[in-house]
Protein chains: 2
Amino acid sequence: MRNRVLDVAEASFQERGYHASSIGDLMAAAGVTGGALHHHFPTKKALALAVIEERVAAAVEETWIAPVQAAGSAREGIRAVFEAVAAELEQQGFVRGCQLNNLAHELSLADPDFRFALASIFAAWREAIAGKVRTDQQTGEEQGTDPDRFAALAVAAYSGAMSMAKTAQDAGPLRDCLAELERRTDSAASLGRAGAKRRRRVLLRPGKP
Amino acid sequence: MRNRVLDVAEASFQERGYHASSIGDLMAAAGVTGGALHHHFPTKKALALAVIEERVAAAVEETWIAPVQAAGSAREGIRAVFEAVAAELEQQGFVRGCQLNNLAHELSLADPDFRFALASIFAAWREAIAGKVRTDQQTGEEQGTDPDRFAALAVAAYSGAMSMAKTAQDAGPLRDCLAELERRTDSAASLGRAGAKRRRRVLLRPGKP
DNA sequence: TGTAAAACAGGACGATCATCCTGTTTTGGA
DNA sequence: TCCAAAACAGGATGATCGTCCTGTTTTACA
């Protein structure tokens, strides 16, 4: 029951945002009475904090941290995630945006507790990438790379690309940013590999809302 | 009077967001009665649309488009904007975030009218940078650069860095991303210029909220 | 099996929200 | 000067919000 509430809250917060998600809507969607919800989550803030700490953090872990750590290198991991997310968005035909960024924009200034919880997820995300770069460096790669700065750009590029993709309802910005990151990587590594063909721009069909 | 309403709405939307800004609060802050506000803006949506089209678009024009077009090159313009914004944030000691991104996250999925208005601002922003790159290319520079992809990455990196800066209340991500973008630029251009010294991390004092 | 705590039901509560209404004042052109 | 339109005043209204309250049921353990 508690998990059913978290399920619908997670989905509603991502699609409608925190303030636009009313407790009544969540109760109806989860099939839960007021008393039950109030028992597990005394306030709406408590519910949102649980969503952030239990669901958003897990989503970042699943879609970013684990794949990057499992990849052959930080750069390969980043490319894999960008491509996987872009492909998923194009397949489902709708861009809901990044859960972490959506809530970060709406709640960071609303309450310090929200901000701290969200900031720690950002920090873990960045640190996972930076740590992977440091691992790569032990094999002689990425010698000229500052791990923290590299991680900051990777996270920022993804977050910003998702923001554009959500607004345009088009996964194009993700593919553009990945291509530009890789082109620069190629040049920096002096590989001189020919740039990829110009991708076709996929216009997504509008989704549910 | 109409402008006074737009002033407080613009500020409140950026600091608290759309849904958390009540008409009553805006009326009190602007010193405007309900009748006056309803005369100029029949609905809250109409008010937000006016803020987006008249104020947010102007803010992007002022802080990004004009400086980039006035700069010696696209890369110089981008660096100037990143540094100017980072310096401003550190000086005022508080990160309110990017107006466009804040509203884009909260409103893109809420209403198609909002989404279209926000998407056109993103498009103008990207096109201004891409256009500057094309101008640079006429002088022989940036031959290997795809203007649209380059612009996408610049906008995404800024948007994402601002998102992190807002959540961390620290301008560091902006400086990190700029440094990483420039390092890659240096390598790509084979200039071999020594990387900038590691910047000091400025922890901003908490602001008003 | 007995029992205390946890989990859940379902409605009540005051506050706040966005909108709309009927008037009054101000403005600008004839 | 006249007058119609725009600008503004200020309260009314119904809906919806988040929270809380009093009971009932289920669970876990001794």
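Below, chain A is the first sequence line, B the second, and so on; all start at residue 1.
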**Interatomic distance where CE belongs to B:M27 and P belongs to C:dC17 [whole Å]** = 11 Å
**Nucleotide nearest A:M1 when distance is taken to its side chain, options C:dA18, C:dA9, D:dC8** = C:dA9
**Item:** Geometric class of the A:W64/A:W125 ring pair [parallel <30°, tilted 30-60°, perpendicular >60°]
**Value:** tilted
**Message:** Between B:R75 and B:D136 (salt bridge meaning N to carboxylate O under 4.0 Å), is one present in this structure?
**Reply:** no
**Message:** Which residues in residues 37-54 of chain B have a heavy atom closer than 4.0 Å to any atom of DNA chain D?
**Reply:** B:H39, B:H40
**Residues B:S163 and A:S159: side-chain donor-acceptor under 3.5 angstrom** = no
**Shortest side-chain distance from A:D25, nucleotide among C:dC17, D:dC17, D:dA9** = D:dC17
**Request:** Please tell me which of A:S21 and B:G31 maps to the more 5' nucleotide of DNA chain D, matching each residue to the nucleotide holding its nearest heavy atom.
**Result:** B:G31
**Asked** Salt-bridged, A:D146 to B:R183, with N to O below 4.0 Å?
**Response** no
**Pi-cation contact, B:Y18 with B:K44 (under 6.0 Å, within 45°)** = yes
**Message:** Using C1' atoms of five pairs at each end, report the bend of the helix from C:dT1-D:dA30 to C:dA30-D:dT1 rounded to 10 degrees.
**Reply:** 30°
**Nucleotide nearest A:S22 (side chain, heavy atoms from C-beta), chosen from D:dC17, D:dC8, C:dA18** = D:dC17
**Prompt:** To the nearest Å, how far apart are B:I23 CD1 and C:dC20 C1'?
**Reply:** 13 Å
**Asked** Got a salt bridge between B:R55 and B:E61, using NZ or NE/NH1/NH2 to carboxylate O under 4.0 Å?
**Response** no
**Asked** Do A:K166 and A:N102 have side-chain atoms, one donor and one acceptor, less than 3.5 Å apart?
**Response** yes
**Message:** Quick test of your reading of the model: are A:R126 and B:D176 salt-bridged, counting only N-O distances below 4.0 Å?
**Reply:** yes
